[in-house]
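Inspection log for the structure reproduced underneath, given as structure tokens.
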Amino acid sequence: MRIDAISIFPEYLAALDLSLIGKARTAGLVHLEVHDLREFTHDRHRTVDDSPTGGGAGMVMKPEPWGEALDAVLSRGAVEGAGEPMLIVPSPSGERFTQAMAHQLAERSWLVFACGRYEGIDERVMVDAESRIPVRRVSLGDYVLNGGEVAVLAIVEAVARLVPGVVGNADSLVEESHEGGLLEYPVYTKPPAWRELAVPEVLLSGHHGRIERWRRDERLRRTAQRRPDLIQELDVDGLDRADIATLAAAGWHVVENGATSGGASPPRFLAGPASVAD
Ligand code: ADE
């Protein structure tokens, strides 16, 4: 996978040299290039921002440096055979970044990130890019950061670890939080007792089936308690009897929606406590 990131703070992205992503780069699994937006300015002050047209607080990133930077990055990647690019613009007004989106992005051969600062990038930059390549505005969550760099660190880490070969043991990707719409089960290691706290007995039993069931139940219980929104989104048809019993103990029950059409079985969904205390 090729990744280009354009920013006025390229040093911010130096953390991508470290740890697993750094290793993936060394191993040639991820090719990452960081570009300084100011290299695409032509005035003495290397200006990248200006006041908002129509008035208002703050500053807006000018379209000219962005247009030039994207043209240069896109034509270079094309010459180097990077494949089909997708532009990702981190923004608090974008669609929410999720594990499902991380999987979608991990399928792409080339991602280009545009890190906005101030009040954002002149909208015409994205409109112009959209006339040539797919563009996604992506939000890390419902809060405002000072710029897109932290979002790029998070998105690149979440995506690159899904690229085959980046995480040594692919099994560890299967049961982690947000895979299958559930949070991860609690994990333990040695010693079996620590500060008078014991590891759950079942994990020492060596009984594979019981351990699997316990872990699944913990995922369901944790998710019900901490993220009821995720329980509401579960596909009831993907749950077994034990799942349904565990959810019932946590206050969630399968409800059949009476309205049927054409002999189809009625839609089923999970209904639970209106609000769940942690
Ligand atoms: N830039 C500023 N706030 C952001 C957020 N919440 N997500 C992504 N990019 C951002």
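Just so it is clear, the model here is predicted, and its values are computed rather than measured. Indexing begins at 1, ligand by ligand and atom by atom, following the structure's order.
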Take Arg210 and Glu201 through the salt bridge (charged side-chain N to carboxylate O under 4.0 Å, His left out) test and state the conclusion after the steps. CA-CA 11 Å; Arg210 281 181 51 215; Glu201 195 65 40; over 6 Å; no
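- Using a 4.5 Å cut-off on side-chain heavy atoms (C-beta onward), Asp128 and Trp66 make no contact.
- Every atom of ligand 1 with a heavy atom of Gly147 under 4.0 Å away is listed here by number and element: 1 (N).
- In this structure the side chain of Glu179 never reaches within 4.5 angstrom of the side chain of Glu184, judged on heavy atoms.
- Protein heavy atom nearest atom 3 (N) of ligand 1, with residue, atom name and distance: Leu145 N, 2.9 Å.
- Distances below 4.0 Å separate heavy atoms of Val138 from the following atoms of ligand 1: 8 (C).
- Close approach of ligand 1 to Ser139 is summarised as follows: ligand atoms under 4.0 Å from at least one heavy atom of the residue are 6 (N), 7 (N), 8 (C).
- Scanning all heavy atoms of the two residues, the minimum distance from Arg136 to Leu105 falls at NH1-CD2, 4.3 Å.
- Here the protein heavy atom with the shortest distance to atom 9 (N) of ligand 1 is Ser91 N, 3.2 Å.
- Regarding atom 7 (N) of ligand 1, its nearest protein heavy-atom neighbour is Leu140 N, 2.9 Å.
- Phe113 contributes atom CZ, which lies 10.0 Å from atom CE of Met86 (distance to the nearest 0.5 angstrom).
- Listed by atom number, the atoms of ligand 1 under 4.0 Å from Tyr143 heavy atoms are 3 (N), 5 (C), 6 (N).
- Listed by atom number, the atoms of ligand 1 under 4.0 Å from Ala151 heavy atoms are 8 (C), 9 (N).
- Near Pro90, with a cut-off below 4.0 Å to any heavy atom, the atoms of ligand 1 are 8 (C), 9 (N).
- In plain terms, the two heavy atoms of Arg108 and Pro134 that are nearest each other are NH2-CG, 3.7 Å.
- Among Ile244, Leu247, Thr246, the single residue meeting the side chain to side chain contact (heavy atoms under 4.5 Å, CB included) criterion with Trp252 is Leu247.
- Under the 4.5 Å side-chain criterion, counting only non-hydrogen atoms from C-beta, Val254 is in contact with Leu270.
- Contact annotation: Asn146 has no heavy atom less than 4.0 Å from any atom of ligand 1.
- Between Gly141 and ligand 1, a contact under 3.5 Å exists for at least one N or O pair.
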